[in-house]
Chemist: 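After the structure tokens below, expect a handful of questions from me.
We name chains A, B, ... by the order of the sequence lines, and we start the count at 1 in each one.
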Protein chains: 2
Amino acid sequence: MIWIKAIHPAARHPTRMITFADAFDLFARRVLPARLTDAVHLRFRLLASLRQLARETSLELAEGGQQIVFLARGATKLVAHASQSRDQIVGFHFPGDVFTVPEPDNYSYSVSALRDSDILTFNAADFLALAAGEACVLQYLLENTTLSLRRCREKTIALGRKNARERLAVFLLAMAERIGAEQDGGVWLDLPMSRRDISESLGLTIETVSRQLTRLRDERVIETMGRSGIVLLEPSLLRDRAGFLREAA
Amino acid sequence: MIWIKAIHPAARHPTRMITFADAFDLFARRVLPARLTDAVHLRFRLLASLRQLARETSLELAEGGQQIVFLARGATKLVAHASQSRDQIVGFHFPGDVFTVPEPDNYSYSVSALRDSDILTFNAADFLALAAGEACVLQYLLENTTLSLRRCREKTIALGRKNARERLAVFLLAMAERIGAEQDGGVWLDLPMSRRDISESLGLTIETVSRQLTRLRDERVIETMGRSGIVLLEPSLLRDRAGFLREAA
DNA sequence: CGGCATGTTGACAACCATCAATAATAGTGG
DNA sequence: CCACTATTATTGATGGTTGTCAACATGCCG
């Protein structure tokens with residue numbers, strides 16, 4: 001049916017833009033305390049820039065030092081560029097996430113959209129200067145950064161001590177936790193990232209990622225549907241393959 | 001002489017303990033703003049526990065949730081325990097460092113002393129509740145956590161995209177920055193960690209670490225003196241081998 | 001339906017882990 | 001102070017996991 005054809009892709013990846021007001025509102029509801037005076041609220045608002053990133057486009061943040069980013073809509077990856085086109089994805093982000101983009105040092109960093117995305121960017125120094133008077137905001141940022149750190153440490157463990165098989169299992173479980181939809185015993189994933197993205201996140205090649213997914217499919221641990229659809233048939237089987245600590249017996 | 005025997009090891013790795021007052025004073029000078037009232041100062045003091053860790057001993061922090069740790073003296077490693085005695089070191093810490101120890105999730109974490117160390121531990125929740133009224137403290141923690149995150153991301157890049165040779169170069173440069181002593185053109189390092197620690201930090205084996213150090217020695221990039229002494233003869237040569245972004249030409 | 005980007009599969013090679021033996025170091029006791 | 005010993009580090013030989021190169025298949029979009 002025509003109707004299916006026309007509506008389906010749009011439903012999966014809506015391209016409707018949101019306004020600055022909408023984006024900032026989402027941000028304020030999550031980060032700013034309700035009791036904030038209008039004046040301070042406005043000053044935060046003045047620091048925000050809305051960037052609309054079409055799928056596959058990226059945002060270089062070289063100028064202006066460290067940035068604080070709020071993802072209002074879409075999905076993004078934070079990429080570190082090492083030498084000679086060796087890129088490492090240090091994190092995936094989903095709507096509602098707040099994260100910091102480091103200023104360039106030994107590597108340069110960029111934010112790329114996996115889907116059409118709307119993000120708010122703040123200069124970190126300005127933001128912190130303003131937040132200094134609002135302990136709640138600082139506390140939110142601190143908790144958030146601590147969470148990012150925990151995720152980053154888990155990634156470090158995966159990259160340092162796990163084989164390809166285990167890394168895939170860890171990745172799928174992490175995605176299930178963040179964007180999975182429960183579905184009669186299993187978990188449904190609509191991955192916004194390509195095999196290349198997965199491989200650049202896990203320190204592998206796309207071929208290895210593909211082989212491990214095939215293997216998991218052969219073992220009836222997952223099912224794949226097209227390029228982006230994955231069903232975790234039995235999450236506990238994945239946990240067995242993830243090389244985590246055994247649960248206390 | 002008895003006297004020599006008794007004092008010599010102590011000279012390299014002094015075992016003299018410091019008092020709680022000394023340790024807390026070091027902490028306060030670094031983290032707490034000078035203008036803090038005595039009452040609040042005291043409340044922070046009441047949250048602190050001094051732990052004296054002899055070399056090679058470790059501190060399990062399973063109970064009590066996330067901890068905030070201040071290292072007053074010595075050197076420590078933060079170890080994540082994955083399954084089956086596969087450990088990954090997620091960070092090394094030196095005097096003055098503040099860091100958080102996650103509560104156990106998929107992995108358990110412990111702090112181990114590379115040298116005799118004195119650390120102050122705080123329950124993170126209690127500490128944050130108290131710091132909520134002191135924006136300066138929150139800001140310090142936030143900056144500190146952001147720095148930890150940056151370091152962790154750089155480690156992620158190293159483990160995901162670099163070979164053994166590059167990882168060693170990155171490691172030595174990072175150590176030079178943190179505990180190196182300039183010495184006529186080169187940098188002198190007295191590494192507190194063993195080859196095993198280095199390998200567990202870099203996601204390699206001790207044999208590979210050893211081989212790469214030998215290779216760097218053959219190439220006249222470093223000199224080794226005993227087990228812990230390393231001189232970086234020409235840091236720029238190490239940078240060439242670290243796989244960093246080329247400096248802007 | 002057709003073209004192209006993306007993903008999968010296969011053959012082979014490289015790098016690093018593993019296993020094993022030797023060497024060096026640091027601390028101990030004579 | 002020096003020999004002795006246990007621990008730690010180095011060196012060598014070999015194999016496995018994953019990267020690389022290549023060909024092919026699939027799915028997505030116009």
Chemist: Measure CZ/B:R86 against P/C:dA17 and give the value in whole Å, please.
Modeler: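 For the pair B:R86 CZ and C:dA17 P, the rounded distance is 13 Å.
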Chemist: Assess the side chains of B:S148 and B:T145: does a donor N or O sit below 3.5 Å from an acceptor N or O?
Modeler: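 Judged by distance alone, the side chains do not pair up.
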Chemist: Between A:R239 and A:P235, is there a donor-acceptor pair closer than 3.5 Å when you use the side chain of the first and the backbone of the second?
Modeler: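 Absent.
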Chemist: Among C:dA17, D:dT11, C:dT8, find the nucleotide with the atom closest to the side chain of B:S210.
Modeler: D:dT11
Chemist: Judged by atom type as modelled, is there a donor-acceptor pair below 3.5 Å linking the side chain of A:D116 to the main-chain atoms of A:R55?
Modeler: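 Yes; judged by distance alone, with no hydrogens or angles, the pair exists.
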Chemist: How many angstroms lie between CG in A:L53 and OG1 in A:T76, if you round to the nearest 0.5 Å?
Modeler: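 Interatomic distance, A:L53 CG to A:T76 OG1, rounded to 0.5 Å: 8.5 Å.
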Chemist: Quick one: A:L216 CG to C:dT8 P, roughly how many Å, whole number?
Modeler: 12 Å
Chemist: When you get a sec, tell me which of C:dT8, D:dG19, C:dC16 is the closest nucleotide to the side chain of B:Q212?
Modeler: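 Output: C:dC16.
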Chemist: Below 3.5 Å between N/O atoms, which protein atoms pair up with nucleotides 20-23 of chain D? Just atom names and distances, please.
Modeler:
from, atom 1, to, atom 2, distance (Å)
D:dT20, O4, A:R211, NH2, 3.0
D:dC21, N4, A:E207, OE2, 3.0

Chemist: Identify whether the distance between the nearest side-chain nitrogen and carboxylate oxygen of A:E166 and B:R86 falls below 4.0 Å.
Modeler: yes
Chemist: A:S194 has a side chain; which of D:dT10, C:dT8, C:dG7 sits nearest to it?
Modeler: C:dG7
Chemist: Provide, to the nearest angstrom, the distance between the CD1 atom belonging to A:I206 and the P atom belonging to C:dT8.
Modeler: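 After rounding, the reported distance stands at 9 Å.
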Chemist: In whole Å, I'd like the distance from the CZ atom of B:R196 to the C1' atom of C:dT25.
Modeler: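 Interatomic distance, CZ of B:R196 to C1' of C:dT25: 17 Å.
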Chemist: Taking side-chain hydrogen bond (donor to acceptor under 3.5 Å, both in side chains) as the test, write out the residues that go with B:D240, two or more places apart.
Modeler: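 Not a single residue meets the side-chain hydrogen bond (donor to acceptor under 3.5 Å, both in side chains) criterion with B:D240.
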Chemist: Whole Å only: how far is the CZ atom of B:R115 from the P atom of C:dA26?
Modeler: 13 Å
Chemist: How many angstroms lie between CG in A:L120 and CD in A:Q67, if you round to the nearest 0.5 Å?
Modeler: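 It comes to 12.0 Å.
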Chemist: Starting from the first five and the last five pairs of the helix from C:dC1-D:dG30 to C:dG30-D:dC1, work out the angle between the resulting helix axes, to 10 degrees.
Modeler: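 Helix axis angle between the two ends: 50°.
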Chemist: Checking B:R195 side chain against B:R227 main chain: does a donor-acceptor pair fall under 3.5 Å?
Modeler: yes
Chemist: Under 4.0 Å between a Lys/Arg side-chain N and an Asp/Glu carboxylate O for B:R211 and B:E207?
Modeler: no
Chemist: Each nucleotide N or O in nucleotides 1-3 of chain C that has a protein N or O under 3.5 Å away: list the pair and distance.
Modeler:
none

Chemist: What pairs of donor and acceptor atoms, side-chain ones from residues 87-101 of chain A against any protein atom, are under 3.5 angstrom apart with sequence neighbours left out?
Modeler:
from, atom 1, to, atom 2, distance (Å)
A:D87, OD1, A:H81, ND1, 3.0
A:Q88, NE2, A:E200, O, 3.1
A:Q88, NE2, A:S201, O, 3.1
A:D97, OD2, A:F94, N, 2.8
A:D97, OD2, A:R178, NH2, 2.8

Chemist: Under 4.0 Å between any heavy atoms, over every strand shown, what does A:L213 touch: base, sugar-phosphate, or nothing? Just pick one.
Modeler: nothing
Chemist: B:G229 near the nucleic acid: base, sugar-phosphate alone, or nothing, with a heavy-atom cut-off under 4.0 Å?
Modeler: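 The residue B:G229 makes no contact with any strand.
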Chemist: Is the number of heavy atoms from other residues, nucleotides or ligands within 6.0 Å of CZ (B:R165) greater than 12?
Modeler: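 It does: B:R165 CZ has more than 12 such atoms within range.
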Chemist: Given 3.5 Å as the limit, does a donor-acceptor pair link the side chain of A:K162 with the main chain of A:G243, or not?
Modeler: yes
Chemist: So how far is it from A:F244 CZ to A:I157 CD1, rounded to the nearest 0.5 Å?
Modeler: 9.0 Å
Chemist: If I take atom CZ in residue B:R167 and atom C1' in nucleotide C:dC16, what distance separates them, rounded to the nearest angstrom?
Modeler: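 Atom-to-atom, B:R167 to C:dC16, this comes out as 9 Å.
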Chemist: Donor-acceptor pair, distance only, cut-off 3.5 Å: does the side chain of B:Q52 make one with the backbone of B:I18?
Modeler: yes
Chemist: Pick out the pairs of N or O atoms, protein on one side and nucleotides 24-26 of chain D on the other, that lie under 3.5 Å.
Modeler:
from, atom 1, to, atom 2, distance (Å)
D:dT26, O2, A:R227, NH2, 3.1

Chemist: Relative to the 5' end of DNA chain C, which residue comes earlier, B:A164 or A:M193, by the nucleotide with the nearest heavy atom?
Modeler: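 Result: A:M193.
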Chemist: Could you check how far CZ of A:R55 sits from P of D:dC28, rounded to whole Å?
Modeler: 11 Å
Chemist: Measuring to OP1 and OP2 of D:dT10, would you say a side-chain N or O of B:R195 lies under 4.0 angstrom away?
Modeler: yes
Chemist: Strictly distance-based, threshold 3.5 Å: is any side-chain N or O of B:R217 a donor or acceptor partner for the main-chain N or O of B:I222?
Modeler: no
Chemist: Atom CG of B:D197 and atom C1' of D:dT8: how far apart are they, to the nearest Å?
Modeler: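 Between C1' of D:dT8 and CG of B:D197: 12 Å.
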